[in-house]
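Contents: one structure, followed by commentary.
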Amino acid sequence: MARSYDHREVESAARAKWKKLGLYTTDVTSGEEPYYLLVEFPYPSGDLHIGHWYAFAVTDIYARIRRARGQNVLFPIGFDAFGLPAENAAIRNGLDPKEWTYRNIERMRGQLESMGASFDWSREVITCDPSYYQWTQWLFTKLFEHGLAERRAAPVKWCPKDQTVLANEQVIDGRCERCGTEVEERNLTQWFLRITQYAERLLEGLDSLPWRAEIKDAQRAWIGKSAGAYLDFAISGHGTIRVFTTRPDTVFGATYVVLAPEHPLVGELMPSLTNAQDVSSYVEATKRKTERERSENKEKTGVELKGVTAVNPATKEEIPVFVADYVLGSYGTGAVMAVPAHDERDFDFARKHDLPIKHVVMPVRIDEKNPHVPGKEVVFRTIVMAIVRNPATNRYLVLRTKKPQWTTFVIGGIEEGEDVETAARREILEESGYKNLKLIRILGGPVHSEFFASHKDVNRIAHNTTIYFELENDEAVPLDPEEAAKHEVDWVPFEELTRENLSHAELDIVLQRLATGNDVYTGDGVLVNSGPFDGASNREAMRDIVESIGGERTTNYRLRDWLVSRQRYWGCPIPVVYDPEGEPHAIPAEHLPWLLPTDVDFTPTGKSPLASSEELRTRVARIFGEGWTPEYDTLDTFVDSSWYFLRYLDPRDPDDFSDPKLMKRWLPVDRYSGGSEHTTMHVLYARFFTKALHDLALVPVDEPFEERYNRGLIMGPDGQKMSKSKGNVISPDEVVAEHGADAVRIYLAFIGPYNEPGSYPWQLDGVPSMRRFIERVIAQCDRAAGEVQTEPERRGLARTCAKITEDGDRFKLNTAVASLMTLLNDFERHSPVSKPSMRGYVQLLAPFAPHVAEHLWEQLGGTGSVHGSPWPSYPRELLADAIVTIAVQVNGKRRGEILIAPDATEEQAIEAARAIPGADEALRGGQPRIVYVPGRILNIVV
RNA sequence: GCCGGGGUGGCGAAAUUGGUAGACGCACGGGACUUAAAAUCCCGAGAGAGCCUAAAAACCCUCGUGUGGGUUCAAGUCCCACCCCCGGCACCA
């Protein structure tokens, strides 16, 4: 008989006991099996939501499992406490951001404690506290001294509502990440951290990290490495334009050059232009557009720079120069060579502006039905293939040849001096007699195909250009009898133009061009129209082409330098002052922390509120002298969170940002758990900080996080994202008050695997069902009797203990909970269970339901705290079953099962299987093949 | 569009990495207790046929892990093609 329990009483008693025992204060200096478990610290918004519970309660379970296994676990907590909401509260309600923040922290501490989480509160860090940001500032000055922080003018994203600069990462679809306002572009002098210097190492470092593919790939995409080359295009009388391209192999096909509107050369060339007016109004119009408008409009616009031309360094041809906003000023050199035949964007632009399209890479099709015959002569031909449609019947012209039994389109060689269309018309007339044809279009560039031409007994390599005609009428001249004897003319519907019916290996590519009108070929192949490189593989020729035209092989990254200046009050002041000449100087360590002034006006003006502080100005003058001026901007809050895991090791140290000995012992963080939204920003920044500080000999490791897991998302009961407007928000405080923290903890662990992102709807019956489970455990403890453990009890405990250990390490706490439930089911079937066994059970339960476990531990006569008692180590032989059930199959189909020792011999298994009629029958007939996997399966194959 | 992750009962999910598919839980059905209900406890359950029956159960058979093919004694798991959902990136040359 289960009884209800008063979770309030049990929880407060347990927490009081832990506090008295000081159970969760980690001694970081004792070196026994240190394990650093980190979870992203929260922003003190003032209210703990269910997502926080999911983040902290489930990781707490794992911290407790590790501790129970005898390890010294560091599981710290703190607050990422600088940020916009505090300032908004100040602007809107006239509150002091500091007071607002600390009040929220106070409130959230209480809520976090209601989880029963085993945080070591003595190591709490608060990023807005001067004792913390002093070291954020100090680290910034170190980066500055080593050239990793620099000040430069740059076009920056500006949010007109928040009156601040945004990092690229904070712009989502051209809108401010926070308030959704469309962002503008402004040119300001700003502080940057030079993360791009670490692009390659940030990329390489990923290779050896055991993270999930989706995390690594997201970071790789963010870094966006591409190998290519710089090529220089001479401009008539104006030096050169340097372009970046990943496809230098296509330079022979570059038919124009495009500059981004921001490109400095546009201004320089302006005086030489005959259409300077048009060009400058285009550039101005682009500037006025938001990022969003620019990318929304997929129609490619642009203006030719009339009066200047560029010279293609490969062909020496003069080609036009354009300015167009489909080229980004911020990537590569801000200029591209346009190869419309082999680049989708250039193709769109060329079509729109009627620019020449020159094909230089041919796709390759080898006819596997008709491959080259070794030893035969190889004959090369340039040919044309004509697709002719009769619009009246909607059928296509094919020839059925007799000698090799082929069905083909009209096909033939292009003769000296002939163009593609003339050759095609001639061949159509000769082979089919039709003469009134309307040219529709040429289907892209030539295709390189290889096949064996049996009628000529030669291996053929053909460069085949396909041309598409429609029949104007079916007037035809009679065929030459010799020609007519060779083949017969037929008309077939489109559906019959398949690889089965036609002999062209290049059919797929031709039909796709016909159907989609998209002639761009971006793949690899054989070069053509490329001078000395004709016939070579484009990949293999890449290096030589770059060399031959004096280009420079290089690598480009999508990653940009990290803009850290914010025109905000509630952030870490950038520790810099300017001398009378305006040169920046790092503030010396003795003046740190460089305090945030308090005499400021928060009203947004487009400038940092710090600029309104009289105290800051006089402070600078007093310390540095007359004429010296302060830096008014504050740091992006991502800077604060890029090193907090270092501070946790030595949070109160007044003389250093962390302790070198402790860093050596505890780093890297063993496991870091957080939200997938931080994969590309926070985690990348923290990795960058670690590498940079490692290079300055300040941090012993090169990578901060050994393991990184992104947790899933808790959805509302309706499967939708929780939001106040949808009315599907679950308030953890209410659920906890009703059912108790332990039930909520178990439910969150049980809801799904924690080692993968995903979304889990909140099931309303979920928490009560876990409560029921807890009450069944209580009932079982009440019933416990006797001091002698039975063998099955010990086996069950050993197995469950092993399962929790294994599943915990994979962060699959859902199946760990299931194993506890399974064991309880077993115990209930064999009730009563001995007291030592129930004590063992309560130990295994303790990480999941720490309060009630403490209560039961006392009730069962356990000494001290259950959380101070490491799990007993169960002998390995308890894990192996003496007898297992294995399936018996006949020809792979299950016919029954037998009970047998896991190490039984094949003979014993077969003997046992004779009891199963189907198996017995199979064993009797002839010589069955036996597949026996001990402990798993017996398969009889007849 | 590109990259990544997925698709298993009514639902959340398991499956030792090729070896009894659906553990564990929710919801559901039946029963016990109760004057009754709630709570609790016991039993059942992927789908479908067959057999036995007054009806059921046991039992046995077939099908079954998005779709279609393949490899294998054996496929949720491996290979090929395709469909759908989720996440990231997206005019990055």
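Residue numbers start from 1 in every chain, and the chains themselves are labelled A, B, ... in the order their sequence lines are given, proteins ahead of strands. When reading the values below, keep in mind they use all heavy atoms of this one structure, side chains included, and skip hydrogens, waters and symmetry mates. All of these numbers come straight from a predicted model, not from anything done at the bench.
The phosphate of B:C26 (OP1 or OP2) has a side-chain N or O of A:Arg772 nearer than 4.0 angstrom. Between A:Tyr331 and B:A93 there is a side-chain polar atom (N or O) within less than 4.0 angstrom of OP1 or OP2. For A:Ser819, no side-chain nitrogen or oxygen approaches OP1 or OP2 of B:A23 to under 4.0 Å. Contact annotation: A:Lys721 side-chain N/O to B:G87 OP1/OP2 distance is not under 4.0 Å. For the pair A:Lys893 and B:G64, the criterion of a side-chain N or O lying under 4.0 Å from OP1 or OP2 is not met. Under 4.0 angstrom from either OP1 or OP2 of B:C73 there lies at least one side-chain N or O belonging to A:Arg929. Distances shorter than 4.0 Å separate some side-chain N or O of A:Arg895 from OP1 or OP2 on B:C61.
Interatomic distance, A:Asp765 CG to A:Arg772 CZ, rounded to the nearest 0.5 Å: 8.0 Å. Rounding to the nearest 0.5 Å places CZ of A:Arg247 at 12.5 Å from CG of A:Leu231.
At a threshold of 4.0 angstrom between heavy atoms, the contacts of A:Arg829 with the nucleic acid are absent. At the heavy-atom level, A:Asn825 lies under 4.0 Å from the strands shown only through sugar-phosphate atoms. At the heavy-atom level, A:Tyr760 lies under 4.0 Å from the strands shown only through sugar-phosphate atoms. Using a 4.0 Å heavy-atom distance criterion, A:Ile751 is classed as a sugar-phosphate-only contact. Using a 4.0 Å heavy-atom distance criterion, A:Ser226 is classed as a sugar-phosphate-only contact. Within 4.0 Å (heavy atoms only), A:Pro757 reaches no atom of the nucleic acid at all. Across all strands, A:Val258 comes closer than 4.0 Å to no nucleic acid atom at all (heavy-atom distances). A:Val941 comes within 4.0 angstrom of the backbone, heavy atoms only, and of no base. If you check every strand for non-hydrogen atoms under 4.0 Å, A:Glu214 touches sugar and phosphate atoms only.
Taking the P atom of each, B:U62 and B:C51 are spaced 16 Å apart, rounded to whole Å. Remark: the separation of the P atoms in B:A23 and B:G9 is 13 Å, to the nearest Å. Here, B:U34 and B:G29 have their P atoms 23 Å apart, quoted to the whole Å. With both ends at atom P, the span from B:C78 to B:G25 equals 29 Å, rounded to whole Å.
A straight line from CG of A:Asn755 to P of B:G5 spans 14 Å, rounded to a whole angstrom.
Taking the syn range as angles within 90° of 0, the glycosidic angle of B:G4 is outside it, so the base is anti. Within 90° of 0 lies the glycosidic angle of B:U17, which makes this nucleotide syn.
Nearest-nucleotide assignment on RNA chain B puts the 5′-proximal partner with A:Gln763, out of A:Gln763 and A:Ser676. Residue whose closest nucleotide on RNA chain B sits further toward the 5' end, between A:Gly332 and A:Lys803: A:Lys803.
Salt-bridge formation is not detected for the pair A:Glu806/A:Arg799: no Lys NZ or Arg NE/NH1/NH2 atom is positioned less than 4.0 Å from an Asp or Glu carboxylate oxygen. Taking 4.0 Å as the cut-off between side-chain N and carboxylate O, A:Glu552 and A:Arg242 count as a salt-bridged pair. A salt bridge does not link A:Arg895 to A:Asp920: none of the charged side-chain nitrogens sits closer than 4.0 Å to a carboxylate oxygen.
With pairs defined as Watson-Crick or G-U wobble and both atom distances under 3.5 Å, the stems of at least three pairs that touch RNA chain B come out as B:1-7 with B:83-89, B:10-12 with B:24-26, B:28-32 with B:40-44, B:46-48 with B:61-63, B:66-70 with B:78-82.
Counting atom types as modelled, A:Arg936 pairs no side-chain N or O with a base atom of B:U20 as donor and acceptor under 3.5 Å. Residue A:Asn939 places a side-chain atom within donor-acceptor reach of the base of B:C73, judged by atom type and a 3.5 Å distance cut-off alone.
In this structure, of B:C24, B:G25, B:G4, it is B:G25 that holds the atom nearest to the side chain of A:Ser769.
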